Amino acid sequence: MDNLATDHWYDFRDLANLSRVILEGIDKVAPYELAYIVAPIIGFVAAFVIFVLPSQLFVGVYGERRIIGRIQSRRGPNRVGPFGLLQPVADALKLLQKEALTPKVADRTLMWAAPVFFVAPAVLLFAVIPFGPRMVFADVPAGLIFFIAVSGLPVLAAFIAGWSSNNKYSLYGAMRIVAMSVSYEVPLVLMLLCVVVFTNTMSLPGIVWFQKDVDLWLIFMQPLAFVVYFIAVSAELNRTPTDIAEAESEIVAGYLTEYSGMKWGLFYGMDIGYALAASAFAATIFLGGWSMWGLEQWVPPWVIFIAKTHLFYMVFIWTRGTLPRLRIDQLMGFAWKFLLPLAVVNLFLVSLERLWWSESDLGGGIVFVIAAINVPVSAVAVYLWARFLGYKPERVPTRPRLAREAGGYVPLEEPVIGGGK
Amino acid sequence: MLTLEHFLTVGALLFCLGLVIALSKRNAIGVLMGIELMLNSVNLTLIAFSRFSDGPAEIAGHAFVAFIITVAAAEAAVALALAVAVYRSRQTVEVDQLDLLKL
Amino acid sequence: MEGAGVNIAFYVLSILTLVAAGGVMVSRNLLHAVLFLIVAFIGVAGFFVLLSAEFIAMAQIVIYVGAIAVLILFAIVLTPRSVRDNSETAMVGPAILLGVALATVFLFVIHDTGWMTGAGDPGLSASDLGRALLSTWVLPFEIASVLLTAALVGAIMLVRSEAEESEDVPDADA
Amino acid sequence: MSEIVQSEPFVMNIGPQHPSTHGVFRVKATVDGERVIDAEMVIGYLHRSMEKLAEERTYTQNIPFTDRTDYLSSMSNNLGYCLAVEKLAGIEVPPRGQAIRVIMAELQRLASHCMGAGAFANDTGAWQTPIMWFMREREKILDIFEMTSGARLTCNYMRIGGVAFELPEGFEEEVRALIGPLRQTIADGEGLLSGNEIFLARARNVAVIPPDMAVNASLSGPMLRGSGVAWDIRKADPYCGYEQYDFDIPIGYQGDAYDRFIVRLEEMRQSLRIVEQALDGLPGGPHSTEVPLALRPPAGEAYARIESPRGELGYYLVSDEGPSPHRFHIRPPSLINLSVLKEMTVGGSIADAIVALGSIDIVVGEIDR
């Protein structure tokens with residue numbers, strides 16, 4: 001593999017150089033073990049300073065509010081600092097000053113512990129994401145399954161939060177989030193299994209290298225997996241249209257109802273953190289990670305990667321601004337009846353394709369053929385399965401009937417079906 | 001310096017704690033938790049053996065653990081279904097109340 | 001396995017796991033017990049990482065923490081409050097006695113045996129495990145899948161009430 | 001979840017402090033898992049005893065009260081009350097006054113439906129976007145109210161015998177400038193929601209009111225029309241010269257929440273048609289007849305009803321020849337429409353209950369008075 005960047009510390013195309021130089025410097029003046037302690041700290045600080053914190057504040061909070069404001073034909077935050085850019089900071093300061101109330105009947109210990117349990121996995125998630133060719137903090141061989149495992153933990157924290165609040169709305173939120181994540185984990189994992197079967201590796205840098213080597217992103221080779229990933233992950237992250245665990249018009253704020261002050265702030269901030277992690281994961285797996293058809297030779301790969309992550313996050317914002325929310329039974333039915341069969345079919349298809357690829361000696365060019373097969377097959381599969389389950393949008397009227405004169409009941413000329421329950 | 005004994009000790013203590021829980025809890029779900037702990041300790045022991053051995057035994061330890069995890073998942077599902085079914089018919093999941101077979 | 005980091009990690013994980021397991025025993029509230037159980041599971045996963053079984057560690061977290069613990073939480077929350085205590089039966093005394101005795105025997109055996117430890121090659125990857133499962137262990141693997149299916153069907157059949165069974169008579173319009 | 005284990009039913013308070021109760025309204029819902037098995041309405045948190053207070057004030061002084069019943073459609077309330085007094089005292093309104101009243105009432109209907117349709121979309125979880133679009137248009141209507149009457153929400157513009165002031169300079173241009181963007185916004189809202197699969201899943205076949213139930217419960221307004229009953233006071237019992245205007249009654253198909261939503265949107269289009277016609281044919285002359293300040297109508301009783309945005313709004317007045325009404329009663333459409341809430345919610349899930357409540361489009365100020 002060609003090294004894209006040089007090894008000089010000032011080559012900012014690869015920040016791993018910088019950390020290596022720092023570590024070598026420490027190694028000269030300090031005992032060997034110190035480097036082990038410093039390395040994680042450097043990686044952690046770098047990941048947070050360069051990516052997580054600015055993204056959280058300026059994309060997750062500020063950007064989301066500005067874009068949703070634009071969708072809703074209003075301005076969004078525009079008072080604090082230039083263009084309102086300091087609004088997230090002001091919000092955080094406000095939250096710090098607020099009292100974090102704990103209800104008398106709540107389980108105090110658990111209510112205190114829940115935000116902590118919620119924050120910790122978010123930090124872990126970014127450890128396996130490859131920001132650049134050598135910029136991966138922990139190159140776990142089973143990075144993909146690490147991601148699945150760790151992203152299941154905040155659900156438990158949310159459950160603890162909801163249960164310990166001792167509030168009926170919170171309990172509903174807690175039950176809903178657990179039920180949802182258990183259901184959506186199944187198609188999600190099956191679809192990621194498709195990716196693993198196809199790329200033959202479970203390591204996230206390996207998947208990026210795979211996409212770079214064949215010069216095609218997995219989103220084209222596995223369109224169905226991408227769609228299912230997006231839906232399932234937005235369900236797990238509680239983003240509209242699947243935000244039933246926090247559904248503010250139904251159960252006030254779900255498991256967060258009794259939280260206030262910075263405890264709530266941690267949940268809010270880390271919700272964005274998880275959404276960013278999911279976006280980063282999607283950018284890695286489906287959008288080619290830091291690779292960009294040779295552009296990564298000139299632009300720092302981590303800039304490309306962050307741009308892709310933010311692009312994916314924009315889709316989250318977009319859906320949040322436009323779509324209504326589904327009901328819990330509809331969501332569960334969607335996961336089990338719609339996504340799961342599709343995922344199984346896709347897994348079968350991908351296994352066949354992989355077998356074909358390894359048996360034949362066509363080389364890397366075959367992926368274009370596979371992409372050309374998979375895109376229409378996925379679209380047709382989605383359409384046919386939806387039809388089979390009774391989706392008939394054209395039968396639903398979008399305009400009411402009109403009557404000229406007042407009178408009694410006007411009978412229907414033909415029965416109306418479609419849509420709904 | 002960590003040796004096999006270290007891990008075996010932890011596994012043994014975990015197993016005994018799980019055993020005490022499984023034997024003494026009144027609630028069927030509590031008993032189930034004890035059993036899960038015991039299974040976990042066995043997993044730990046197997047992985048420790050696998051790590052400190054060579055040859056085919058190494059992969060066998062991993063494979064055993066994979067099967068135990070599978071069985072544990074199945075067992076948990078069935079046990080909880082049993083608990084729910086028992087609760088439905090007897091309005092209790094306390095194991096010392098379930099004494100229909102006692103003379 | 002040498003190095004200060006590994007030693008520290010081992011002792012921290014030991015204390016975490018054993019204290020959490022003790023928490024399962026002593027906590028009065030069943031939900032607290034489950035949360036302690038989750039901590040114990042995570043601790044065991046940490047041991048697996050320490051023993052360079054990353055894949056098994058991840059599987060442990062996905063299955064034990066993500067599925068079994070959630071299942072137990074569901075079972076607890078769905079049973080009424082009155083049966084949510086985690087007290088012991090009268091058998092607690094003998095049980096503890098048995099546990100201590102067994103622990104003594106175990107510890108004696110562990111420390112008295114001269115274990116034939118090999119070099120211990122840590123490089124066992126998920127693909128090695130996968131290959132083993134589909135070659136050497138293929139029969140148990142298939143049996144496990146049958147077992148899972150049977151457990152799935154059995155669990156569903158156990159919790160069905162008669163009312164639900166009558167609901168499932170296929171309708172003409174469904 | 002309730003299918004797995006028989007869970008205990010428990011009472012969940014929806015309101016009085018809840019994001020989706022549209023004011024201080026409370027539903028004591030008994031729920032079994034996610035399913036609502038009983039719903040009890042608790043109203044009266046906003047009771048201000050208007051009907052009794054009105055017996056102590058003169059007929060003219062009572063007009064501001066009517067602003068504050070249905071605070072989202074003060075013009076319509078003013079109009080209903082003034083019609084009742086005029087009927088009681090036998091006062092004729094000049095044609096220009098009537099046309100202005102029609103324009104104002106229809107603008108008020110537009111403003112109120114903007115709020116109603118937007119809030120309903122909010123209840124289904126379309127987080128703030130449709131309501132913000134509709135609120136933008138509603139603001140323009142409120143601007144027109146402000147330039148006409150000086151107030152945005154509680155306009156207090158109608159008077160017994162006509163309206164309070166002549167229309168201001170530039171009124172017609174402002175209203176005409178409003179119509180195009182408002183049509184576009186209605187189309188936008190429809191494009192965002194009406195064919196949307198998620199919205200259909202949430203609103204279609206939810207909270208169904210069959211036509212016979214709608215009639216028997218004496219529902220009115222979009223609630224009744226959503227069930228497919230063509231009934232509109234503007235057509236059935238015209239007032240203020242509504243018989244001169246050309247418009248249709250939108251009616252729904254099967255009486256679900258979705259039908260009520262599309263009926264509201266279509267009603268907004270019809271209102272725009274009426275406003276255009278009224279502006280085109282705005283007659284000259286006085287805007288109001290002279291009415292003595294201390295009006296003493298002859299003894300008797302009168303009931304006047306109008307089609308308010310929410311349904312049949314009736315004012316019942318009894319005079320004993322005194323300067324203030326002997327009895328003053330309001331038939332609030334929100335209250336009567338709310339009476340079917342239990343039928344709409346029981347058996348559905350909590351999420352459906354919220355959608356059902358949102359589709360009624362209640363205003364608690366009117367329910368409690």
Side-chain angles (χ1 to χ4, degrees), chain A residues 68-69 71-74 168-169 171-172 175-176 179 240-244 247-253 319-334 386 391 393-394 396-412 414-421, chain D residues 1 10 12-13 18-20 34 121-129 132-133 136 190 192-206 211-212 215 225-233 235-236 248-254 256 258-259 262-263 265-266 349-352 354 358:
Chain A
I68 285 202
I71 290 172
Q72 297 175 350
S73 78
R74 58 189 172 86
K168 285 171 185 170
Y169 295 128
L171 191 61
Y172 266 102
M175 291 301 285
R176 284 178 175 194
T240 326
T242 51
D243 61 338
I244 53 163
E248 79 266 35
S249 64
E250 294 158 27
I251 49 173
V252 187
T319 55
R320 182 174 169 203
T322 42
L323 291 178
R325 175 191 311 118
L326 280 158
R327 215 166 49 210
I328 180 158
D329 53 328
Q330 292 162 345
L331 270 175
M332 304 285 262
F334 187 68
Y391 167 76
E394 67 274 7
V396 177
T398 56
R399 298 283 283 266
R401 299 179 282 164
L402 293 176
R404 286 300 302 169
E405 292 304 321
Y409 173 62
V410 183
L412 290 172
E414 54 177 309
V416 185
I417 55 162
K421 278 185 178 173
Chain D
M1 262 140 282
F10 67 88
M12 187 160 114
N13 268 316
H18 188 281
S20 308
E34 286 271 347
N122 227 12
D123 286 344
T124 60
W127 192 75
Q128 298 278 326
T129 300
M132 277 295 169
W133 291 358
R136 179 185 64 203
E190 212 171 52
L192 188 67
L193 293 171
S194 287
N196 185 321
E197 186 62 21
I198 300 177
F199 187 74
L200 284 173
R202 284 306 303 282
R204 198 114 178 95
N205 294 327
V206 168
D212 53 338
V215 173
R225 291 193 280 277
S227 296
V229 182
W231 183 256
D232 190 320
I233 311 286
K235 289 268 193 196
D248 299 315
I249 309 174
I251 49 176
Y253 297 87
Q254 49 189 19
D256 51 21
Y258 177 75
D259 279 347
I262 56 175
V263 161
L265 286 189
E266 185 62 33
S349 74
I350 298 172
D352 286 343
I354 300 295

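In what follows, chains are A, B, ... by sequence order, proteins preceding strands, each numbered from 1. Everything numeric in this text was worked out from a predicted model, so none of it was measured.
Highest contact tally toward chain A, considering only Gly228(D), Pro250(D), Ser194(D), is held by Gly228(D) [criterion: heavy-atom pairs under 4.5 Å]. Per-residue counts of heavy-atom pairs under 4.5 Å with chain A were compared for Met12(D), His18(D), Lys235(D), Arg136(D); the largest is that of His18(D). Looking only at heavy-atom pairs under 4.5 Å with chain A, the residue among Ile262(D), Asp256(D), Asp123(D), Ile354(D) that has the most is Ile262(D).
Of the two parts of Leu192(D), only the side chain, counted from C-beta on, holds a non-hydrogen atom closer than 4.5 Å to a non-hydrogen atom of chain A. Using a 4.5 Å cut-off between heavy atoms, Leu193(D) contacts chain A through its side chain alone, with no backbone atom that close. Contact of Arg399(A) with chain D is made through backbone and side chain together, with heavy-atom distances under 4.5 Å.
In this structure, Arg327(A) contributes its side chain and Arg202(D) its backbone to no donor-acceptor pair below 3.5 Å.
The CG atom of Asp329(A) sits 6.0 Å away from atom OG of Ser349(D), with the distance rounded to the nearest 0.5 Å. Note: Ile350(D) CD1 to Lys168(A) NZ = 11.0 Å, rounded to the nearest 0.5 Å. Summarising the geometry, atom OG1 belonging to Thr322(A) is positioned 8.5 Å from atom CD1 belonging to Ile198(D); distances are rounded to the nearest 0.5 Å.
Taking every heavy atom of both residues into account, Ile71(A) and Trp133(D) meet most closely at O-NE1, 2.8 Å.
Exactly one residue among Asp259(D), Asp248(D), Ile249(D), Val263(D) makes a side-chain contact (heavy atoms from CB on, under 4.5 Å) with Pro400(A). That residue is Val263(D).
Inter-residue side-chain proximity for Gln128(D) and Ile68(A) is flagged as unmet; no heavy-atom pair is nearer than 4.5 Å.
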